[in-house]
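Lettering follows sequence order; numbering is per chain, from 1. Computed from heavy atoms alone, side chains included, the values below leave out hydrogens, waters and symmetry copies.
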2 protein chains.
Amino acid sequence: MSAEQRRASVLAAAVEEFAHGGLTGTSTESIAARAGISQPYLFRLFPTKKALFIAVVEQVFRRTATHFERAAGELTGSEALDAIKLSYWELFTDQTYLLTQLQAYSSCYDPDIQAATRGGFRELWETATRLTGLPFEDISQFFAHGMLINVIAAMDLPAIGEQWAQLLCAPDVEPANPTG
Amino acid sequence: MSAEQRRASVLAAAVEEFAHGGLTGTSTESIAARAGISQPYLFRLFPTKKALFIAVVEQVFRRTATHFERAAGELTGSEALDAIKLSYWELFTDQTYLLTQLQAYSSCYDPDIQAATRGGFRELWETATRLTGLPFEDISQFFAHGMLINVIAAMDLPAIGEQWAQLLCAPDVEPANPTG
DNA sequence: CAAGGTAGTGAGTGGCCACTACCTTTCCCG
DNA sequence: CGGGAAAGGTAGTGGCCACTCACTACCTTG
């Protein structure tokens, strides 16, 4: 297998591991094991653990942006936004991306990670703005709801039976302008 | 100093340290140093590092709820919610609580931490509901915006000069029912 | 002043873990 | 078919860190 292919598979393994443990709570050992290579060889493919983490963060944000683009298709305006909202809920089934996002935010004390996270968030923001053409206020509300979804996934609220939790997990796209 | 007082001061030190590094990225050494005690004595006051982290999480959520109650005062309805919104923005000046919340969410892979975090979130949710008496939809939007504020604090968006970032950091309480 | 309890510390210890040095295999190309 | 680069592994190593143990200083109470 070529080094480039290996790098990709290591990246895929790292996303899964980092999503749960974060940068400091995940060992390179476990990533290597999941990728099916020896742990030292991982350092031939990525110079440092932090660099691998940053690569993971960048990939997750970029793929989420691509996910948005596919969801919007040829739509524009609030129709595009509704489609993107639904597509974000789709990520709930495999929570990896949502959890990785949280790990990125909570690791922002490190300047390099903060820079990467800002860049990813910015890319996401600009993608949503470009695809919908909607004003700041709508984009802001969409992202706010997205961040709420992230923590709902982290706490695994669907698993607890209480009503408010269940309501939160219903992917209803509420009307943008509630009449009244 | 009594053990109870020490416990409180250790807790205060731990909030600061955990807010930046999270559970796995923070050493008990640094917490003890900040609290002004020896590292072994920390384990006389808290049985384990994780237990200390959970105590921190519980305290932060409870204090945030208290913060809400003070902000609402005698107000009810959307007036109470607006007051609470502003009070949450106040936490931005000392971002410790917001960052700790993020650390809690991103550490939820551990079942004990997940349980504590769920409890804290639930307490916050019920406090907001009780104080305002507003329906689910309003509370949900408030929390969504709150989660967005958390990640804005983590990424320190006020520090970057771009327009969208600046707009996000303006604590305007948008009207609950935009006319039209 | 004896006796016991409480606050607090110095000196470990065992394990994990990021990262390194060096060796082996494979395979392509002239 | 020889050689060299690239893929990959084995065996460390040094440092950090959660947690323990054995001990001291002090304070209260009878």
Report task. Could you state the atom-to-atom distance from CD of Gln5(B) to P of dT6(C) in whole Å? Result -> 16 Å
Report summary line: Judged by nearest nucleotide, the residue sitting upstream toward the 5' end of DNA chain C, Leu23(A) or Ile37(B), is Ile37(B)
Query raised in the report: OH of Tyr41(A) versus P of dC17(C): gap in Å, rounded?
Result: 23 Å
Query - No-hydrogen, no-angle side-chain donor-acceptor test under 3.5 Å, Tyr105(B) and Gln101(B) - result: yes
Query raised in the report: Heavy atoms under 4.0 Å, any strand shown: does Thr26(A) hit a base, just sugar-phosphate, or nothing?
Result: sugar-phosphate
Requested in this report: Look at Arg6(A) and dG8(D) and indicate whether a side-chain polar atom (N or O) is within less than 4.0 Å of OP1 or OP2.
Outcome: yes
Query raised in the report: Base, sugar-phosphate, or nothing: which does Ser27(B) touch, judged by heavy atoms less than 4.0 Å apart?
Result: sugar-phosphate
Query raised in the report: Taking CD from Glu29(B) and P from dA11(C), how many angstroms apart are they, rounded to a whole number?
Result: 13 Å
Query raised in the report: Taking atom types as they are modelled, is there a donor-acceptor pair under 3.5 Å from the base of dC19(C) to the side chain of Gln39(A)?
Result: yes
Query raised in the report: Salt bridge between Arg130(A) and Glu69(A), side-chain N to carboxylate O under 4.0 Å?
Result: yes
Requested in this report: Give the rounded distance in Å between these two atoms: CZ of Phe43(A) and C1' of dC22(C).
Outcome: 17 Å
Query raised in the report: Mind checking whether Trp125(A) and Phe143(A) have ring centres under 6.0 Å apart?
Result: yes
Report task. Answer yes or no: does a side-chain N or O of Thr48(A) lie under 4.0 Å from OP1 or OP2 of dC19(C)? Result -> yes
Report task. Can you tell me the distance, in whole Å, between the CD1 atom of Ile31(A) and the P atom of dA18(C)? Result -> 8 Å
Report task. Starting from C1' on dG8(D), measure out to CG on Leu45(A) and report it in whole angstrom. Result -> 10 Å
Query raised in the report: When you look at Asn150(A) and Tyr88(A), which way does the side-chain hydrogen bond (donor to acceptor under 3.5 Å, both in side chains) test go after all the steps?
Result: CA-CA 10 Å; Asn150(A) 290 345; Tyr88(A) 200 70; 2.7 Å; yes
Query - Whichever of Lys49(B) and Glu4(A) has its nearest DNA chain D nucleotide further upstream toward 5' - result: Glu4(A)
Report task. Let me know the distance between CG of Leu52(B) and P of dC19(D), rounded to the nearest Å. Result -> 10 Å
**Report entry** Hydrophobic cluster identity match, Leu81(A) and Ile149(A), side-chain contacts under 4.5 Å
**Finding:** yes
Requested in this report: Measure from the side-chain heavy atoms of Ala3(B) and tell me the nearest of dT9(C), dA7(C), dA21(C).
Outcome: dA7(C)
**Report entry** Side-chain donor/acceptor of Arg44(B) to base of dT9(C), under 3.5 Å
**Finding:** yes
Report task. Could you check how far CG of Leu42(B) sits from P of dG10(C), rounded to whole Å? Result -> 15 Å
Query raised in the report: Should Thr28(A) be listed as having a side-chain N or O under 4.0 Å from OP1 or OP2 of dC17(C)?
Result: no
